[in-house]
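Down below is the structure, laid out as structure tokens.
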2 protein chains.
Amino acid sequence: MTDCQGDVEAENSPMELYKKLAELGDKVRTLKTAKAEQAEVDAAVRLLLKLKMDYKQKTGQDYKAGCPPSENGPVADDGNEEDDVNPWTVTTSNAKGVDYDKLIVRFGSSKVDQQLVDRIEKVSGQKPHHFIRRGIFFSHRDMHTVLDAYEKKKSFFLYTGRGPSSQAMHVGHLIPFMFTKWLQDVFDVPLVVQLTDDEKYLWKDLTLEQCHQFAVENAKDIIACGFDINKTFIFSDLEYMGASPEFYRNVVKVQKHVTFNQVKGIFGFTDSDCIGKISFPAIQAAPSFSNSFPHVFGDKKDIQCLIPCAIDQDPYFRMTRDVAPRIGYPKPALLHSTFFPALQGAQTKMSASDANSSIFLTDTAKQIKNKINKYAFSGGKDTVEEHRQYGGNVDVDVSFMYLSFFLEDDEQLEKIRQDYTSGALLTGELKKILIDTLQPLIVGHQERRKQITDETVKRFMTPRPLNFKL
Amino acid sequence: MTDCQGDVEAENSPMELYKKLAELGDKVRTLKTAKAEQAEVDAAVRLLLKLKMDYKQKTGQDYKAGCPPSENGPVADDGNEEDDVNPWTVTTSNAKGVDYDKLIVRFGSSKVDQQLVDRIEKVSGQKPHHFIRRGIFFSHRDMHTVLDAYEKKKSFFLYTGRGPSSQAMHVGHLIPFMFTKWLQDVFDVPLVVQLTDDEKYLWKDLTLEQCHQFAVENAKDIIACGFDINKTFIFSDLEYMGASPEFYRNVVKVQKHVTFNQVKGIFGFTDSDCIGKISFPAIQAAPSFSNSFPHVFGDKKDIQCLIPCAIDQDPYFRMTRDVAPRIGYPKPALLHSTFFPALQGAQTKMSASDANSSIFLTDTAKQIKNKINKYAFSGGKDTVEEHRQYGGNVDVDVSFMYLSFFLEDDEQLEKIRQDYTSGALLTGELKKILIDTLQPLIVGHQERRKQITDETVKRFMTPRPLNFKL
């Protein structure tokens, strides 16, 4: 945390003041939790009050944790400002995170409503995963079509992926894989996992060798999620493109049916972008078509694909669904998840490049504890007294958000929500619950990952027949 | 030939009149050669004279065979109009064909001058191929560098290619392959031949299967040119991309280092072009780098590449040479040929889609004879008397141009030039020499092609080590 006592008198912009207030609020809570010297706490609280006054004077608004200053008077809750959501940027000015209902309207997808949740339970014969129950996978395309066919004994295959931009995956990266594993288990279907090492080479300042190495390392973390080796094919683009003429043929088919105008509109590419970026969307599209994997599906080109992914990947698949019928293939169906928030708040996605924004799968139990205590943005009040009186705000509290991802017990989660909102549960106590939830989860992951040999990775990544009924 | 006696009075544009005059000139010559009824010849000559008067009245210019009407008064021989030369279009308004000296200046390449011809003779120890002696391979990039290295026992590899847009190749398509075979023989070097079936799928209204089938058929014609199976690898993009991660890696490397702005400038792509076209240049670039062929060159990435090709392919390799040093590879050297003219004249390249513009490798001896007699644009005068008096013009005469490609004997060719120019040799006689030259050449090709089994094609197209010293 930066020490902001030095220059509070200087000309701060409303946003700078807001950030300092947020940091200072965290600091006060940390000091109190750590039972710091009373004088130190008092000094911090005095500064906090002064900053709050400065803030009100400058913006005409009361400082409210989690609500950044608006340009024109008080923040309107129904602000028309659009969240920026695409495969490379996710930003919103709202501390609650992206407005997902608006996104459904903008993207033209459908809400995962109670009817669909119930139907998944009925068709799979299993209690739906808590990601579905809690609206973490909140949006879909054509899930009813998938379930209709499944009921008529026509199965499907799963396709998901990861861009291997570094060796370090964080807990947020596990979300689609945890959910995909559940889908694989309950529907008993094959899965293909694309590692877009070519994409990362095109977008990042990395060598091909680095990107490919990251792909192999990431494959270990993916395998550690528990996928069935008899039903799962993991591939790196840099390897598989050179191992399957059928995959390349589908890439070229898509490339023929998408213009620069279209990718400009969908992805915001410009004339200064390299031609690799411009044509890459076809490479992410191609695994949606079953005949890209002849070792798995033979020459069958009509097997339905279901893609579980974060909503920021939807532009790729809107494009894919547009092209599919024109090249004689079925449109892939989708299940979209919300974003996993950074420790600092739900305005952005976690970033693998900022060590303090994320809990990494390689973090020790101690690092997990420290990061959560130090950085997890709190929806609590500034003092215990205020918190007891007014309660905390779970809608902006990152620890609570993380628990909604990782604490499976619905009743326990609901009790935490109520207690924190009422003020019965303090921020430190909430953080402790998260720490106790995440530590064993990550230690368990690390232990499973350690067991995965290079030989196992190689088997998962070898094109080969998979074992399933269609 | 169309019969244009019916509607000469109608309102013809200058260009329509010009075309009718050219056709009628051919007809008059044909009638005379065929010793037609005198009345028929007279009628044609009268019509010719009338059309010439119409033409002069309409354009203010005298009709001159091989010089189409200009918009603004008489055609200036040194017109500043630029020839249009790119991989998809070659057009010029000059009947002598493209102005190749200007092209050298515009493209920034170097002329194949006598010094280079002599050096090739000295280094190879062989009399240079007549394509080099006669300026058919007229332009180059870095040939002296290639020869410097070769003298120091550092060898190179050859790379050429073909876009398989149809099963039917014509004689013009043989030019780069005949010359490449000569280079392979005299320098004893390996050769890779790229068949861009993916490109043809992207540009033409063809299926992937059709393009790939054309590639395999074209490979037979290429093999029939006599390439050494121990030193030659022929590959189809649709096959080899899916068989070599190393090739794809080089494609992606090039794609990362070329922007849309650049390919727009080089190839004239627009926002409405499909993303496949936009990124394709990287696929034609990649074989310039030796490590795209690990079965041949292992992981050596610094083996010099020499590309013999028609000058219209130069834009691809200007781009490649720009990228090469930025990705740590040597720039490919080039030897550029002129275009092989259509039977109708040197204004355009031959087109495989117009059966009457070309002599095909599948044409019978009789078809060859008929096409040359009927369509080969003549630089001769309209009557035997005029021809004897004024002589013919070899600069626009397509039969003479073809002989300069296919008649190896320099002295014989020079004698033909002199005799035709003086009027001693008539158009019919010139055409007969061409027919007698092309018929055995094509029959020989057909016989060699017949011997080529699917097994042989498969061997040439299988990634494998080649036999050579570097």
Is the ring pair Phe227(B)/Phe177(B) parallel, tilted or perpendicular, if the boundaries are 30 and 60 degrees? perpendicular

By a 4.5 Å heavy-atom criterion (distance strictly below it), what part of Ser244(B) contacts chain A: side chain, backbone, both, or neither? backbone

Whether Tyr316(A) and Phe267(A) hold their rings parallel, tilted or perpendicular, with breakpoints at 30° and 60°: tilted

Between Tyr240(A) and Phe233(A), is the ring centroid distance below 6.0 Å? yes

Check the orientation of Phe293(B) and Phe297(B). Use parallel for under 30°, tilted for 30 to 60°, and perpendicular for over 60°. perpendicular

Applying a strict 4.5 Å limit to non-hydrogen atoms, the region of Val263(B) in contact with chain A is side chain

With chain A as the partner, which of Lys277(B), Glu239(B), Lys264(B) has the greatest number of non-hydrogen pairs under 4.5 Å? Lys264(B)

Do any of residues 253-262 of chain A have a heavy atom less than 4.5 Å from a heavy atom of chain B, and if so, which, in residue order? Lys253(A), Gln255(A), Lys256(A), His257(A), Val258(A), Thr259(A), Phe260(A), Asn261(A)

Assess whether atom CZ of Arg464(A) is packed by more than 12 heavy atoms of other residues, nucleotides or ligands within 6.0 Å. yes

Residue Tyr201(B) versus chain A: region with a heavy atom under 4.5 Å: both

Identify which of Leu202(A), Val251(A), Asp237(A), Thr270(A) forms the greatest number of heavy-atom pairs closer than 4.5 Å to chain B. Leu202(A)

Given Asp314(A), which partner from the list Arg106(A), Arg321(A), Arg141(A) fulfils the salt bridge (Lys or Arg N to Asp or Glu O under 4.0 Å) test? Arg141(A)

Quick check on side-chain hydrogen bond (donor to acceptor under 3.5 Å, both in side chains): which of Asp302(A), Thr320(A), Asn291(A) does Tyr329(A) satisfy it with? Asn291(A)

Give me the ring orientation class for Phe235(A) and Phe247(A): parallel if the planes are under 30° apart, tilted from 30 to 60°, perpendicular past 60°. perpendicular

